[in-house]
2 protein chains.
Amino acid sequence: MSTSTGQRQRPLPGRPVASRRVTIREVAELAAVSIGTVSNVLNNPSIVASATRDRVLAAIGSTGFVRSTAAHQLRGGRSRSIGVVILDVSNPFFTEMVRGAEHALRDDGYVLVLCSTDESVARERHYLGLLEEHRVEGILVTPAERDLSHVSALASRGIPTVLLDRAAPGPSLCSVTVDDVRGGELAAAHLLVDGRKRVALVNGPQSIRQCADRRRGARRAARQLGLDPDRAIVEISVPALTDEHGELAARRVLDTTAGVDAVMCANDLLALGMLRGLAGLGVSVPEEMAVVGYDDVAFAAMLSPALTSVRQPKFELGVAGAELLLEESRDPRHVHREVRFEPELVVRASSTAAKVPKIRRSR
Amino acid sequence: MSTSTGQRQRPLPGRPVASRRVTIREVAELAAVSIGTVSNVLNNPSIVASATRDRVLAAIGSTGFVRSTAAHQLRGGRSRSIGVVILDVSNPFFTEMVRGAEHALRDDGYVLVLCSTDESVARERHYLGLLEEHRVEGILVTPAERDLSHVSALASRGIPTVLLDRAAPGPSLCSVTVDDVRGGELAAAHLLVDGRKRVALVNGPQSIRQCADRRRGARRAARQLGLDPDRAIVEISVPALTDEHGELAARRVLDTTAGVDAVMCANDLLALGMLRGLAGLGVSVPEEMAVVGYDDVAFAAMLSPALTSVRQPKFELGVAGAELLLEESRDPRHVHREVRFEPELVVRASSTAAKVPKIRRSR
DNA sequence: TCCCCGAAATGAATCGTTTAAACTTCTGCG
DNA sequence: CGCAGAAGTTTAAACGATTCATTTCGGGGA
């Protein structure tokens, strides 16, 4: 006869030698208590006699037991994870938002499941599906496509969902956005108020919402200063927001309508290229030409001349998104809404030493 | 009497209205088959009669059923997730690695659980604990502290673990690294071979492994060219690898030992500051002074003069880490090893227009 | 001596899925 | 006509933790 005091299981011969995971049952056996008591030590320590509790804790320590989130979740707990779907992990705009979200969630024991779609709709669908299978408690998403029906579908299936940097089409979704019109307005107003006569707006395709909005803002600024937008703002369109296109645009800025003494770029990469292009053409910044960018990426401040730029509260966007998610999943009376942030103009050398000494408002 | 054909459950009054999750059982009822058959449709479609299969698929579609990873995992499946623990989400070095890891894993249906520790040991411990509870199938980690005992402990508890950008102390862990000594050697050799006489090495504290290694490499390069390292390499130590310190170091480069005609910086931020500082002091780059950086961050190529820099294969690091993880979790005969990458020198304008026209090798 | 009470611990049901084994039809063949 | 085997489907036992109704035990009061 064999000793049948306990089931000692040795790793199956075929399996990798990876030590079988310790379960709560083994802890219970070792501590000579029931499974329920071990669970109580874990979740409700106060109702366990202290001697027992110590014995169980010792058993947990010596076995290296770690509780399984899956089992916990299955029994009705929550998954303690939040999905984050962005266009590109290596884009600082998104990673700053991720940092914000993580900051807001980490103290509550959440973990972030990060997915980058690289703007592929198929990938977005794939990841949203996986996140739903994982039963994440909420999803922060920067949608890859215009059509949001599958995102709304998620939300309607009960998964708290927040759009990042994109307004919701209806009241069925929360969203966190930055006012790009206002950003464009800030940049243009700064230049025009500062005495610049004519601003070249180096902009990407109007099909990109951000580009269209920033343009509207620039024109609004002109109008508010009593200027004719068509005269004060000269648009120069480039196919992509890269430094190369910025550099190429420098020549066009000088060649088009005369009298341009300021350039407003749709992002910092364009502005960086523009600075390079202008330097190559012997144009001095900011004396002969003021330059402002958009995004305030890390290196904007490091350039010489340091680049004036419009800063977006990226970290705060992430925090706000996370908080909306938590609210939606905890508060039954939650109503969907849009949280809108204001961008901020960071003035630096590339636009400040105005050629006209005194600020002149309006005409 | 009530109709007892099926249990229709309406949301509990206290609960949020979030529609109860659809389970496989409800799908089975709707399609009038057993639970097992639904499961077969999901996992083993070929053994199900096609009429039945269609009926089940229709039921899945109309109920919006999504399978629960938690239950799947509990039943013995895998969690289909990989943990990634890095120092900082907003640092492009890490995000490029994350991109690589995601690229290598996404086709296998994995999802990345991303954690940034901000170099806090407590946070690292916290996250490693959570990842273990989530039963991730592997962990990629850039450790925050010198002591790796808790990381090794993870590995010994059967969780495949790979160190990123850090060599393992023993054979108990896999690791993926870049040869920083070689990187320092590449940079210094480039300058010295190109005719530069004396290189200032603007370096961070030796306590940072990368800094120490790059220094060793630079000195090795001098030695291999038959030069005396103490004469050919002049070290200038700065407290932190920032652009401000780079700018400040420019003056020190000119003030210290005469004859310095090249600067090698421990990273690109320092180099950027150095370029600014030199410009401010009226020193022309590369004619009077060559400058090389390290990391080849995105904007290095965009500067003027474009910055020569040492590129690390960040994306490939991530890919390799992920592949090691997969190998470790699938192949029982896996043995831990270090995968070491070679950095690559990217030569650009900041170091090329040598003041000595012809390349002279050795002394 | 008996009863009751509270504190502590137990045991069983449960969550949603997978899977091996069992069962039911049905077909074809001797 | 009987039966083997295939094809299709069902059944039931896991997986690991939580929860709650129940049991056990020791002590205090009558």
Side-chain angles (χ1 to χ4, degrees), chain A residues 7 9 12 15 19-57 59-60 63-80 130 132-135 157-158, chain B residues 7 9 12 15 19-57 59-60 63-80 130 132-135 157-158:
Chain A
Q7 302 179 12
Q9 216 168 358
L12 304 178
R15 284 266 179 88
S19 49
R20 241 17 266 103
R21 265 277 155 206
V22 178
T23 75
I24 201 175
R25 146 175 265 114
E26 292 161 61
V27 173
E29 274 167 20
L30 182 60
V33 295
S34 74
I35 290 179
T37 300
V38 178
S39 177
N40 279 331
V41 170
L42 257 25
N43 305 299
N44 236 351
S46 64
I47 71 163
V48 179
S50 65
T52 316
R53 195 193 313 144
D54 293 345
R55 202 148 31 90
V56 170
L57 287 175
I60 288 177
T63 53
F65 166 77
V66 175
R67 98 138 100 354
S68 155
T69 302
H72 171 82
Q73 178 185 339
L74 191 55
R75 186 51 231 272
R78 326 224 97 266
S79 71
R80 308 255 95 179
L130 284 183
E132 196 172 356
E133 293 191 356
H134 278 274
R135 299 286 189 272
R157 248 172 281 130
Chain B
Q7 302 177 12
Q9 215 167 0
L12 304 178
R15 286 263 180 91
S19 49
R20 245 6 276 96
R21 264 279 157 203
V22 178
T23 76
I24 202 175
R25 145 177 266 113
E26 292 161 63
V27 173
E29 274 166 21
L30 183 60
V33 294
S34 74
I35 290 180
T37 298
V38 178
S39 177
N40 278 332
V41 169
L42 257 25
N43 305 300
N44 236 351
S46 63
I47 72 164
V48 179
S50 64
T52 316
R53 195 194 310 144
D54 293 345
R55 203 149 28 93
V56 170
L57 288 175
I60 289 176
T63 53
F65 166 77
V66 175
R67 88 140 101 2
S68 155
T69 302
H72 170 84
Q73 177 185 341
L74 190 56
R75 182 53 230 271
R78 327 224 95 266
S79 72
R80 309 254 95 180
L130 284 184
E132 196 171 356
E133 293 191 355
H134 279 274
R135 298 288 188 270
R157 247 171 282 129

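Computation of the quantities below employed the complete heavy-atom set of this structure, encompassing side-chain atoms and omitting hydrogens, waters and symmetry-equivalent molecules. These numbers come from a predicted model, not from an experiment. Note on naming: letters A, B, ... go to the chains in the order of the sequence lines (proteins, then strands), and numbering restarts at 1 for each one.
- Taking each heavy atom of Gln73(A) and Arg135(A) in turn, the nearest pair found is NE2-CB, 3.2 Å.
- What separates CD of Glu29(B) from P of dT9(D) is a distance of 18 Å, to the nearest Å.
- Residue-to-nucleotide proximity on DNA chain C shows that, of Ser50(A) and His72(B), the 5′-proximal contact is made by Ser50(A).
- Relative to the side chain of Thr52(A), the nucleotides dA9(C), dC15(C), dT17(C) differ in distance, and dA9(C) lies closest.
- Distance CZ (Arg25(A)) to P (dT18(D)): 14 Å, rounded to an integer number of Å.
- At a threshold of 4.0 angstrom between heavy atoms, the contacts of Val48(B) are confined to the sugar-phosphate backbone, with no base atom among them.
- The closest side-chain heavy-atom distance from Ser79(A) to His134(A) is not below 4.5 Å.
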Measure all distances between protein nitrogen or oxygen atoms and nitrogen or oxygen atoms of nucleotides 19-25 of chain D, and list the pairs falling under 3.5 Å.
| from | atom 1 | to | atom 2 | distance (Å) |
| --- | --- | --- | --- | --- |
| dT19(D) | O4' | Arg75(A) | NH1 | 3.4 |

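- Distances shown here put a side-chain N or O of Ser34(B) below 4.0 Å from the OP1 or OP2 atom of dT10(D).
- The side chain of Ile24(B) lies closest to dT17(C), out of dT17(C), dG16(D), dT9(D).
- Among all heavy-atom pairs drawn from Arg53(A) and Pro45(A), the shortest one is NE-O, 3.3 Å.
- Taking every heavy atom of both residues into account, Ala31(A) and Ala59(A) meet most closely at CB-CB, 3.9 Å.
- Leu57(B) CG to Leu42(B) CG: the interatomic distance, rounded to the nearest 0.5 Å, is 8.5 Å.
- In this structure, OG1 in Thr37(B) is found 9.5 Å from CD1 in Ile24(B), a value given to the nearest 0.5 Å.
- Note that OG1 of Thr63(A) is 10.0 Å distant from CZ of Arg157(B), once rounded to the nearest 0.5 Å.
- The separation between Arg55(B) atom CZ and dG8(D) atom P is 13 Å, rounded to whole Å.
- In this structure, the CG atom of Leu42(B) is 11 Å from the P atom of dT19(C), given to the nearest Å.
- When the P atom of dA17(D) is taken as reference, atom CD of Gln73(A) falls 14 Å away, rounded to whole Å.
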Please produce a list of atom pairs where a protein N or O lies less than 3.5 Å from an N or O of nucleotides 24-28 of chain C.
none

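- When the P atom of dA17(D) is taken as reference, atom CD1 of Ile60(A) falls 10 Å away, rounded to whole Å.
- Under 3.5 Å, the side chains of Ser50(B) and Asp54(B) contain no donor-acceptor pair of N or O atoms.
- Nearest nucleotide to the side chain of Leu74(A), out of dG16(D), dT10(D), dA17(D): dG16(D).
- If you find the closest nucleotide of DNA chain D to Arg53(B) and to Ala71(B), the one lying nearer the 5' end belongs to Arg53(B).
- A heavy-atom distance below 4.5 Å is not found between the side chains of Val38(A) and Glu26(A).
- A heavy-atom distance below 4.5 Å is not found between the side chains of Val66(A) and Val22(A).
- When heavy atoms are screened at a 4.0 angstrom cut-off, Val33(B) is found touching the sugar-phosphate backbone but no base atom.
- Spacing between atom CG of Asn44(B) and atom P of dT17(C) amounts to 17 Å, rounded to whole angstrom units.
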